[in-house]
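Below: one structure, written as structure tokens.
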Amino acid sequence: MLGEGILKGLAETARNFAGSFVSKERLTTVQYPEERAPAIEASRVFPFLVYDGPEWEAGLRCVACQICEKECPPKCIYIEKSKDKKPDYVGKLQIYPARFDIDVSVCMSCQICVEVCPFEAIKMDTEFELATDDRFGGLLHDRKSLAKSNEYYHTIHPTEAAEVDARLAEEKAKVEEKARAAAAAAAAKAAEAPKSEAPKTGEGTEAQ
Amino acid sequence: MSELELESWNRPPVVDMDGDLLEVAMGPHHPSTHGVFRMDVALDGEKIVKLKPVFGYLHRNHEKLGEGNSYLASMPYTDRLDYICSMTNNWAYAVAVEKLAGQEVPERAEYVRVIVGELTRVQNHALSVGFLIQDMGASGTPLMYAFKARENILDLFESLSGSRMMCNYFRFGGLRVDPTAEWLDRTRQVVAELPQFVDEFEQLLVSNEILMARTQGVGVLPKELARNAGATGPVLRASGINYDIRKVDHYGIYDRFSFKVPLGEHGDVYDRFMIRLLELRQSIEILEQALKDIPGGPVMDPKAKIRNFRPKAGEAYGRIEAPKGELGFYLISDGGPNPYRYRVRPPSFVNLTTLEDMCLGHNVADVVLILGSIDIVLGEVDR
Amino acid sequence: MTSSFAENLDQIFVLLKHWIVALVPVPLQPLVGAVLSVAAIIVVFATLFAIAVLMERKGLGRMQNRYGPNRVGPLGILQPAADGIKALIKEDVVPYNADHVVHFLAPIVLVVVVFMGYAVLPIGRNMTFVPMDAGLLFYFAMGASAELSVFMAGWSSRNKYSMLGAMRAIAQMISYEIPLLMTSVIVVMMTGSLSLDKIAEVQNQYTWGLPHWFVFTPMGFAAFVMFAIAATAETNRSPFDLPEGESEIIAGYFTEYSGFKFAEFFLGEYVAMLSISGLGATLFLGGWSAPLEVLNVVPSWFWFVVKIMTAMCVFIWMRGTLPRLRQDQLMNFAWKFVLPMTLLDLMVAGLWRFMGEGILRWVVCSAILLAAYVIGGRAGMKREQFGPRSYRYAE
């Protein structure tokens with residue numbers, strides 16, 4: 001009969017109209033900014049630099065290897081190496097970035113910098129309310145504004161941060177293990193040294 | 001007022017001295033041209049006599065950028081080609097590079113690829129049909145329903161890859177991240193709710209007399225013309241030709257799933273959008289089977305290189321059945337870290353060449369519908 | 001003579017007007033009375049316009065599973081005020097080549113003409129502003145003048161899109177004037193008078209508590225349906241809103257209007273919708289009479305407003321659901337389906353009169369109309385070869 005399809009369509013719309021008052025799953029609007037949609041853990045917006053410990057400059061994990069700068073597709077990262085060195089999380093002296101700028105208006109949030117970083121130093125942030133009225137400088141984030149603590153990293157990506165911490169702790173344990181083994185070997189060699197006189201110089205050079 | 005000297009591609013289609021034909025430029029600022037797209041139309045009253053599509057307003061140098069960037073760095077750019085279906089764009093590129101470098105993909109990765117690919121197809125077809133109805137003037141109601149279903153799928157993509165639309169999820173030889181069991185459960189839930197959405201959608205649309213009057217018999221694409229023009233995807237299948245790359249190439253593990261390919265008869269706008277709805281249902285079938293059979297294991301070969309990836313010199317053409325048609329990537333490698341030539345074969349661009357033939361003799365109001373039924377995305381057409 | 005509270009409430013506006021007019025010296029009384037009525041109509045229907053606009057946006061929103069506007073004022077009540085202020089402070093852009101005088105006059109003509117239509121609508125018992133003997137004729141004269149303003153707008157803009165839109169609008173409005181008129185003629189035939197208050201009064205009788213509204217008779221119901229379709233087309237509402245095509249020709253005949261002139265067109269369109277709903281309510285739904293006899297305690301003007309707001313809700317409902325018809329399909333529908341059905345309906349109305357009282361005339365008239373509708377519908381669809389299709393799958 002003519003008009004039947006139209007009536008079915010009208011019935012469908014009426015059902016949605018009535019349903020939107022009653023069920024929450026029909027009306028899925030989130031009243032931003034009073035409410036927020038539930039945050040999804042894996043979401044990525046723009047990168048940030050992780051630092052361990054209370055001080056950002058001392059604890060910054062980045063060693064300015066510039067791998068992320070090379071791999072970044074739109075080339076939005078600009079790094080300048082420092083002249084001096086500072087100790088990293090296992091105590092080794094590393095250079096650090098004197099400048100680390102990310103132009104957030106160029107960054108396309110592809111996460112390749114995170115993937116290629118060998119030092120777990122750069123991770124993806126979830127903060128998106130970055131609007132500023134300074135068109136030229138406001139979106140160029142420098143080292144200080146990019147540095148955020150490891151605790152913050154735990155709050156936004158808990159499982160990932162836990163994995164990273166476990167991996168770093170393992171690395172640190174391995175390094176310490178090796179150091180202890182080397183120290184033990186050196187101590188053992190030093191203890192054996194007074195017993196034999198002749199091969200002392202040979203062993204001395206070997207122990208170097 | 002002085003006359004501007006316009007280039008040949010920018011001049012209106014007909015220089016009509018008698019003034020009988022009305023020349024109208026639809027776009028590039030237009031609510032219904034699916035992006036920045038211009039159509040120079042010559043009208044005789046309300047009938048179309050000549051139509052010339054003008055595009056290039058969204059050209060972003062994708063292929064030249066591909067020559068300057070490494071293979072991995074081009075992956076996020078492929079997300080932005082057909083910006084609605086980023087996962088299938090990634091897949092086509094990954095297939096091409098894997099062919100070039102001779103890499104194998106682990107089985108679990110293949111299953112997850114099928115799952116995200118079919119989810120992409122579902123949300124693309126829902127969106128395309130929703131926009132077609134919106135262009136017809138239903139003030140957005142079916143569109144909102146389609147978007148609500150699409151939101152669930154986009155939330156899944158966000159928890160898997162980190163981003164709703166620009167996923168950057170595929171890697172050469174597998175995937176970037178292994179989906180957890182919890183994600184698979186949520187996907188099963190979303191897929192279980194999809195048939196209800198499709199039923200509601202169909203009830204609103206399929207037997208609606210106004211819709212039938214607007215779309216049946218409009219924009220007919222004859223079989224031979226579709227085949228000769230190189231059209232692929234739902235546009236081709238609605239004209240009656242059985243060509244689905246999932247069945248022809250047997251790429252990935254599509255052989256293991258049983259699904260049917262719907263075919264149309266008349267090749268008009270109604271057929272094209274009904275074929276999309278039927279394909280949506282078939283995608284739900286594939287998803288259910290894949291989610292049931294997915295095995296464990298790694299999703300990426302641990303020895304595969306991320307940095308300094310240098311495939312041997314050679315060339316490869318990898319293609320998949322993207323939701324819009326055949327999406328292909330042609331790569332020539334000279335042994336270095338960047339490709340020598342990087343070419344995209346976009347389905348929307350090739351399907352768009354049939355636009356003029358479909359529109360001749362119809363009204364202006366039909367042009368918008370016909371364009372919507374080809375389902376173009378300007379990111380792909382212009383690259 | 002003690003009037004009950006209900007009667008007083010019913011006539012409250014009439015009593016108020018008489019009281020104010022009595023305060024003024026005798027020579028000025030007709031003028032003051034007229035000015036009061038005009039002011040009341042403009043204020044009341046402009047407020048109803050604001051409510052209707054808000055209802056539309058929120059109603060469409062709910063149908064699309066979202067909130068409508070809800071930021072301006074609680075539940076978005078002050079949104080029409082915000083829209084009005086926005087329209088007033090916008091820059092008024094007039095194209096250089098446009099015909100300035102006609103461009104300026106077009107929205108004014110529209111607003112004036114649609115408000116004139118309210119002069120003959122019986123808004124309540126004894127509440128018609130100008131109780132004319134040929135009120136229906138006056139109403140249609142005003143309705144046709146609205147089409148003039150549409151064409152003025154399209155022509156003066158010197159814009160291809162506007163011309164296209166104006167041509168389409170004129171063709172559509174002219175084609176649907178005829179079914180509109182013919183369906184009203186059916187009511188005139190049954191009442192025997194062109195005066196709208198008489199038509200409303202005739203329907204104010206009750207049998208077993210149910211009213212004698214014309215919509216409850218078979219040919220009245222068919223006429224009501226066709227009146228509704230023609231009314232939707234007259235006011236350029238979905239599914240007949242191709243002239244203001246939005247997706248295709250941006251805004252049709254009012255593309256070149258901005259700021260307050262655009263707001264006037266908008267106002268004109270909605271007030272015309274309210275006005276034609278008022279006419280439909282008067283002709284078919286009993287005007288100011290209550291649905292059940294017991295509900296006569298509620299004032300008559302309240303029922304009138306309820307009926308026109310319900311009609312607005314139906315307009316909004318149709319807008320949210322239905323895609324629009326193409327121009328030639330619209331005209332085909334008018335001339336090849338609605339017009340013959342209207343003529344058949346006229347003949348059935350005559351037959352009704354001829355057959356005299358009893359159940360037989362109900363059965364016969366309903367049967368004729370139903371059969372004509374079903375057969376006509378089937379034939380129409382088959383000629384155009386529309387119909388649901390089934391699809392095959394590849395092997």
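Quick caveat, the model's predicted, so the values are computed rather than measured. Chain A is the first sequence line, chain B the second, and so forth, proteins listed ahead of strands; every chain is numbered from 1.
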Checklist entry - Do Met108(A) and Met166(B) come within less than 4.5 Å of each other through their side chains, counting heavy atoms only? => result no
Checklist entry - Which bit of Asn208(B) is near chain A, if near means a heavy-atom gap under 4.5 Å: side chain, backbone, both or neither? => result both
Next on the checklist: Which one wins on heavy-atom pair count under 4.5 Å against chain B: Ile67(A), Thr126(A), Val116(A), Thr13(A)?
Outcome noted: Ile67(A)
Checklist outcome for this item: Okay, Asp79(B) and chain A: the region with an atom under 4.5 Å from a heavy atom over there is neither
Checklist entry - Would you call Asn168(B) and Ile112(A) a side-chain contact if the rule is heavy atoms closer than 4.5 Å? => result yes
Next on the checklist: For chain B, which candidate among Glu41(A), Lys8(A), Glu115(A), Lys70(A) shows the most heavy-atom pairs at distances under 4.5 Å?
Outcome noted: Glu115(A)
Checklist entry - Considering only heavy atoms, which portion of Leu72(B) lies under 4.5 Å from any heavy atom of chain A: side chain, backbone, both, or neither? => result both
Next on the checklist: So for Glu71(A), is it side chain, backbone, both, or neither that comes closer than 4.5 Å to the heavy atoms of chain B?
Outcome noted: both
Next on the checklist: What part of Ser70(B) gets within 4.5 angstrom of chain A, counting heavy atoms only: side chain, backbone, both, or neither?
Outcome noted: side chain
Next on the checklist: Need one label for Arg164(B): side chain, backbone, both or neither, based on atoms under 4.5 Å from any heavy atom in chain A.
Outcome noted: neither
Checklist entry - Where the side chain of Arg44(A) meets the backbone of Ser161(B), is there a donor-acceptor pair that is under 3.5 Å apart? => result yes
Checklist outcome for this item: Comparing Cys72(A), Ser109(A), Pro73(A), Pro74(A) against chain B, the one with the most heavy-atom pairs below 4.5 Å turns out to be Pro73(A)
